[in-house]
Structure formats: structure tokens, C-alpha cells
Amino acid sequence: MNEIKNYSVASGEESMQAYWAENETFAVTENESREKFYCLSMFPYPSGQLHMGHVRNFTLGDVISRFQRLKGKNVLHPIGWDAFGLPAENAAIKRNVPPAQWTHSNIEYMQGQMKRLGFSFDWNREFATCDPSYYRWEQWFFTRMFRKGLVYKKAAWVNWDPVDQTVLANEQVIDGKGWRSDAPVERRELSQWFVRITDYAEELLDRLDHMPGWPDKVKTMQRNWIGRSQGVEMTFPMPESPVSDMTGVDVYTTRPDTLLGATYLAVAPQHPLALSAASGKAELQAFLDRCNQTSVAEADMAKLPKEGMFTGLTAKHPLTGTDIPIWVANFVLMEYGSGAVMSVPAHDQRDFEFAQKYGLPIVQVVTPKPGSNDVCDITTEAYVSKNGVVMGSGEYDGLEFDRAFDAISTALERKSLGKRKVNYRLRDWLVSRQRYWGCPIPIIHCDNCGPVPVPDEDLPVTLPENVSIDGSGSPLSKMPDWYNTPCPKCGRPAVRDTDTFDTFMESSWYYARFASADYDDGMLDDRMQYWRNVDHYVGGEEHAILHLLYARFFHKVMRDEGLVGSDEPFEKLLSLGMVLKDGAKMSKSAGDAGDPQVLLDKHGADAVRMAMMFAAPPEQSFEWSEHGVESAEKWLRNRLWSRVQEHLRQGEVPTLEPGKLTEEQKELRRVTHETLAKTEDDYGRRLAFNTVVSAVMSMMGHVSKFEDTSPQGLAVMQEALSAAIVIMSPITPHICHLLWQDLHGKPMEGAIWPEADESAMIASDVELIVQVNGKLRGKVTLAIDASAEDAAKAARASDNVLRFLEDKTIRNVVHVPNRLINFVVG
RNA sequence: GCCCGGGUGGUGAAAUUGGUAGACACGCAAGACUUAAAAUCUUGUCGCCUUUGGGCGGUGCCGGUUCGAGGCCGGCCCCGGGCACCA
């Protein structure tokens, strides 16, 4: 008889991790004869240490990967580092350490934490986006986009810190002031690189209808973000425009049916007409200056009270020729469309409020249809419905929305003052950043030749890493040795672009590079054809729009360049809720609050992983609490480990003979196979890992009560314990691999998920709920698939049910087979 | 402000397609073991009422649809995420 082995979390987990590392258990190669599965967790920014949000993200990816391995798939589960970004520069300023050094030491520490958590990554494919061997191909791809005309330069507004002489990110602007200098920020216009994502707007939108593996929530957000609309672009002519090349005000509207109700135009404070009108007008100039002293973040602007001022200019109404006053309004955005809108206060709530505030006329031109229930009182609020009919608009009176839209659009087109247009809210992607710690933009500016892409053979343009950063200006623009270079075309002295890329560029294609991580002769190679697409992408819901839209866009451009053979990068998306700390998203500023290290040291990786999975379903946000970790460890030790060890002491276990079981043995087998069926569905389809854990806990409750040590009793027990180990192994891999070895005398790597045995799950009878008028009045046990008549008969046999049926007429009986019977009485 | 989610016991949650609300845990309480404590085990645990059979109420708030609503519809309130330079 064997001695009972005690479980040592630390040495048990360490030995498994050493074994996995030594055997490279999770390194994969392409194998056409096996079904592949590519599981990817969004890679982390190396901020210093993992926090509980990371633990959740990577544990989920690991659980899915390990489950798919049990299902026999060839699983690619890579990891890398989203290594460029602002925090490295901030740390550099604060601690006087170069960003590269800070980043690499963070990566090293976080790698250790990941290994300590037992994640089944293929470490052979690891890379950081700050590796020149990675960003080289990003630069190469950008020059492809440049040549295709997908890239252009345009002026854009940035937050400018007048003290630090630097561009500020939106998050560095706090209450309108620079985070370090505390000086009020100003807006500045800089010439910047844009990528034409709007060329792909239509496809990005339409493909969403063919992505069943994505949550509706994310698809809805992306649809709204892309914001396709049908409208009319029109001109309000200005015979006496103060701006020479501007002979009218261009506006876009989705409501041309209300054109006759336009009583003023509103332009952005940065609009050329506003600037021109302000010259020599101190009051207007002061207003524009004030508008320019806010951050460029839309959320900040939207919170400002709506204010405006008359420019003194007018334009002609395109249909009536009436003079229409032009106002400047702080809520009109220069980045959207033409930076000007036509205002119809009677039929747009924001215009209505503005008109009331400044005493502008409100002219109703749409009225509810006769007999409609619409509320319409334009003395109190705008009537915005499209279900009305036009009034007060001469020949258009009486037309419904569609016909009015057509008639007025046609009239504008005839006068050459407008045309129908499909518009997108989506704007082109601004990719330049005036920062140091990013991928250098591979463009050389030559006075003679203009912007010239760096030739392929000169790539990568390497970022100098041995630098010190003081927080003022842009470091690269202070390095003449770096930026002075001959023009690749004409050979004359020229300068490199001193901006770097938005870090979303790196994260837009890393998933593809994992297939070809070691390839030096190109961006991607044929291995991508085997691994694409990502079968399951796991990451935080905060990335639902920007990252996921940019990555989808990049994939399509790579497709058009012949680099990938599919339309979309991610088949299935798991959008994780946030792990909150004190009610808010965890971030670098939350410090060590979410550091899992203490918990790992105290309770081990399995307990941390299990507690995290058990805490909540993946899509749900929740406040992290450490309470569950200790109890997870206790359950693993006291329920799982010790139960298996006790079983092992019983010695030889015979082959299970399902035909020769007692009722009690059949019952445990039924629970085992029902649990297998339920958890397989939870893992594969529902992605409900919290209920996997509770189902196994529940099953082990039955196991504890099973004390039959007869030969077939041991066989049933052996099957139950093996099932529990397999089911738990994706979540708590260390202890399960050790137990599997004990139980079966061989390593767990080749283990396969056991199919649930249908015949073991058949129950002979079922509990039926009895309701009277929808209220629970009793329960009866019936043979499975009993008829409505039998169910009713059995239900009436209960005194309590009868009590509620007395003196009543049964009007209806609703029978849901094997669930309930409901007597409707009156 | 705009777009998208969420709200269920003291706490995390479960209820998968409109069919038993609160599984599984945490916490708490009582008990067993112990000189004692820890650990472990057992029992109880939504609220109110009760003749101890059960009854009434209850899933953020108000209303609706339905034989039946946590899940559907309309209107609110609160919380979280995103809003293009945090990643």
C-alpha cells in the first residue's frame, strides 16, 4: 500500500514548468496532416509587472489553447510584446534610463511571471515590436502603402504644451493643462502622415455582416464608428467671400428635406472663414483663441457648454438665395467633413438649443403626418422625426422624407450646388507621432524630390537606443547625425522624417508575424497560409474599436499586397470585460495594486488561475478580490489531490464493465458523463469557464460521497477522477498533470478529451414542476417523456396542487415535456 | 455630450432557447475534533409570515406583453468601456 503523497504547490508547479521548458512541450510546427488551431491573447504592453487584467487575459487564452490540444488540434499559442509607447518615455524622463533599457528589463521580469503562471506559449516565436527585425517589415510595408497612394500628408491639430515645447497625448492633458508643466494646453497645427483607411470603409463595414464569430456588441460599435450615412453635400454660395479660394460654404447633411428650415450656418473655430472674419475683430479673435485652448480630444470638447459667435459674414441659401448668417460654434469639428454644418433648429436638437441661446430664428418645415402620435411642439424642442411631411417649403410641401430627400437633392444637383453622397464618420488614420520611442517613419525629405521612401535595401531605419530624454521637444529632431542623410533619389543632402509611428501600427499585424517570426527575407512567408486565420482572439473590450479596426484594415491591405490569403484576420473574438480595481480599469497608474506576484508565491499558479476563471464569465467586468485564491488552493489540495491519492491507495483497478454496475455506480457514471458533456460545451461553445469549475466542484461532491471500493466501484471512481483531471487541466494544468501521471503512469501530453457516453447519461425519470397560474405549487417525479395526460394525473395527486385547483375551472393546461405542467384556472 | 455594455442574497456569481430565481463558492452562524487555537469535517444561511403542510414578497426603478418574464417591449436611474496621441 502506497503512502499518501502530500502536495507541495511550489515544488509541484516548479517541476512541471521545468519539464515543459525542457521538452519545449508547446513549441509547434506546421503539420498539414493535423488540424491547426491558432489561439491568440492580445499581447501586452511591458509596463513593469503583470496585473490581474493580464492574468485574466492570458489565462483565458491558455485555457482555450489547452482545451483545443485536448481536442487533438495542433495549437499555435504565441506571445510577444507591444513594446513601443509613451510610458517608456515617461519612465525615461523620471528615472533617467533609456526607454529601450527600461522596456527590456520589464519584458524580462514579465516573462518570468508568465512562466511562473504556467502559460503554454510557444516561446520560440516570441518577439518585441521594438526589435528592428520586427519593425523593419512595418517600415517596408509602409513604403508599399506609400507607393500605392494609401498614404498622404495633411495638417492636423495636436495638443501643444507651451512650456515643455512638446506635443501631448490626450491622456496627458488634465483639465485642459499639461500634466507636467500645468500650463494651459494650446492647439497647434502640424503636417502629419495619414493612411487612407477610409478607402476600405465600405468593406470594413460590409464584412461585419459575415463575421459570426464576433460578438454583436463589438460589431455594433464598429458599425457606428464607421458611421455610413446617405446625404447631400452642398454649397451655400458666398459672392463676397473674404477667403479668395472659397466661394461658398460646403456642408454635408443627411436631412436635405429640412433645407428650407436652415436659418444659419455654423463653422468650426479653425475654419478658414472664421479665421478670416476674426482679423481685426478683437472679440471674435478672443473667442477663437479660447476655443483653441482646449485639448483636441472629442470627449473633452463635447463636455464644453455650447458657445458661438456671429462672424459678420453671410452666405446665400442654395435654393432661395436668402442671406444666411455664418456663426462660429465650438462644437463643430474641423476634422469632420468640411468643418461646417447647416443648422436647422426646428429639426435638430443641438441646433435648437443653440438658436434659443442666441435668439436665432426657428423655422418649422416638417410636421407630423395627419393621425400620427408624434409629439411636435417646436417652441419647446426640435421635431427630429423622419416620419413627418414637409411644410412651409413651397413646391416640396406634403412630401414624405424619401420623396423630399430626392426632390431637394435633385434641385441642388440641377443648380450644381450639391450632390448626393455616401459619407462615413470614419476618418483617415493619423499615424505620425512626435515621439521618440516608436518605429521611425521610413521617409526621407528632400528639397529637390519631396518625400522619398527609404529603399528596401536601406531598411530598417534603426532607432538610436542610447539616448537620454528630458521631456522637451522631440528627441529625434535633436539628432542631426541621425537625421541628416543623402536623398536616395538624387543624392543631395536630405533629412529623415523625425516622427515615429502610432503604436497601433505594430499591433495591427503582429498576429500574422507570429507565423513567420524568424523569417528574415520578408514580412511573412508561406507558413502564414497554414496558420491563418487566428481562430480565437482573446482581449479586453477596451480594444473593441480602434485596435480591432486597424488590424482588420491592415489585414485587407496585406491581402491586396498578396501577403495573406483571407479577408479577415480573426475568426472568433472573445471580448473580455475589465478587471476593475476600485471601480475602474487597471492601469499603470494603479501601481502594484494588481500585481499577482504575492498571490503566486503564497498560493501558486493553479490557485490564481482557478480563482480568476471561477470569479466571473469572461465578457463580464468585475472587481478583483483575492478571496477566491485561498479557497481555490484548498479545493485543489483537499478535494482533488487528496481524493485521487486515497483512490491510488486502493491498488489495482479493473476494467470498467458498464453493463454490470449497481444503481449507485450507474449514478456516479451518469454524473461523470453529464459533467463531461456540460463542460465540453462550456469550454468549446459557451466560453463559460466559471461554470466549468462549478460543475467539477459539484461532481467532486458526488465523488466524495461515493465509498464503494468493490472492483467495479474502483473502476467507476477511476473514470470519474480521470474525467475531473482532464476537465480541470486547462485551468489548473500543474496539479492535473501531476495527478494524471500518478493515475495513469504516463505524461499527460497525449491525453484526449473523453467523449461523453450518451448511454451513461440516460435517466429513467425526471422531476416535473407543477404550476397553477404560473406559480410553483408542487413537484412530481415522472417517467421520462411522460404524456401531458399522465403528467396532469400525477400532478393532481398532490394535496397542495389540489388545494389550488379546488372550486376552480381549469381553462388551459400548458405542458412542457420533462419540465413543467401549468394549470391555468379562473 | 455621443456610441456600446452591465445592474440578481452580506460578497463573487448560476439560471444555455420565455419555463423551479440564487447552483457552485466566499463570508457568516452553529456543531464535531482539540487543553486551546489553527487546519479539517458536518449542518444552516434571500426577506417576511406560519397551524412547520406551507404562504406572501423578491432579479436597479416605473409601466407593458405572456398561461408563465432575471432574459422580451416602452420609459427612467445608476455603474463600466470607447470617443481617433494610454495601450
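Chain A is the first sequence line, chain B the second, and so forth, proteins listed ahead of strands; every chain is numbered from 1. Computed from a predicted structure; not experimentally measured.
At a threshold of 4.0 angstrom between heavy atoms, the contacts of Trp225(A) include nucleobase atoms, whether or not backbone atoms are also involved. Note on Gly85(A): only backbone sugar-phosphate atoms sit closer than 4.0 angstrom, heavy atoms only; bases stay farther off. At the heavy-atom level, Arg223(A) lies nowhere under 4.0 Å from the strands shown. Here Asn822(A) lies in heavy-atom contact (under 4.0 Å) with a base. Contact annotation for Phe622(A): backbone-only contact, meaning every heavy-atom pair under 4.0 Å involves sugar-phosphate atoms and none involves a base. Residue-level contact check: Gln434(A) touches the bases, meaning some heavy atom is under 4.0 Å from a base atom. If you check every strand for non-hydrogen atoms under 4.0 Å, Phe804(A) touches sugar and phosphate atoms only.
The base of U20(B) does not come close enough to the side chain of Lys775(A) for any donor and acceptor atom to sit less than 3.5 Å apart. Judged by distance alone with a 3.5 Å cut-off, a donor-acceptor contact links the side chain of Arg685(A) to the base of U16(B). With hydrogens and angles left out, the side chain of Asn224(A) and the base of C3(B) share no donor-acceptor pair within 3.5 Å. At a cut-off of 3.5 angstrom, counting only N and O atoms as typed in the model, there is no donor on one side facing an acceptor on the other between the side-chain of Glu630(A) and the base of C26(B).
Comparing atom distances between the Ile769(A) side chain and each of C85(B), G12(B), U20(B) picks out U20(B) as nearest. Relative to the side chain of Thr691(A), the nucleotides G82(B), C86(B), A15(B) differ in distance, and A15(B) lies closest. Comparing G55(B), A15(B), A84(B) by their nearest atom to the side chain of Asn800(A) picks out G55(B). Among the nucleotides C67(B), A84(B), A14(B), the one closest to the side chain of Leu546(A) is A84(B). Comparing C4(B), G82(B), A15(B) by their nearest atom to the side chain of Ile545(A) picks out G82(B). The nucleotide whose nearest atom lies closest to any side-chain atom of Leu776(A) is, among A21(B), A84(B), G81(B), A21(B). Ranking C24(B), G80(B), U20(B) by closeness to the Arg819(A) side chain, first place goes to U20(B).
The cationic group of Arg777(A) lies under 6.0 Å from the six-membered ring centre of Phe804(A) and within 45° of the ring axis, placing it in a cation-pi geometry.
For G80(B), the glycosidic angle deviates from 0 by more than 90°, giving an anti base. Here G55(B) is in the anti range [glycosidic angle more than 90° from 0]. By the rule that a glycosidic angle within 90° of 0 means syn, G53(B) counts as syn.
Distance check, rounded to the nearest 0.5 Å: CZ of Arg187(A) to OG of Ser295(A) gives 7.5 Å.
Applying the side-chain contact (heavy atoms from CB on, under 4.5 Å) test between Thr294(A) and each of Leu304(A), Asp300(A), Asn330(A) identifies Leu304(A) as the sole match.
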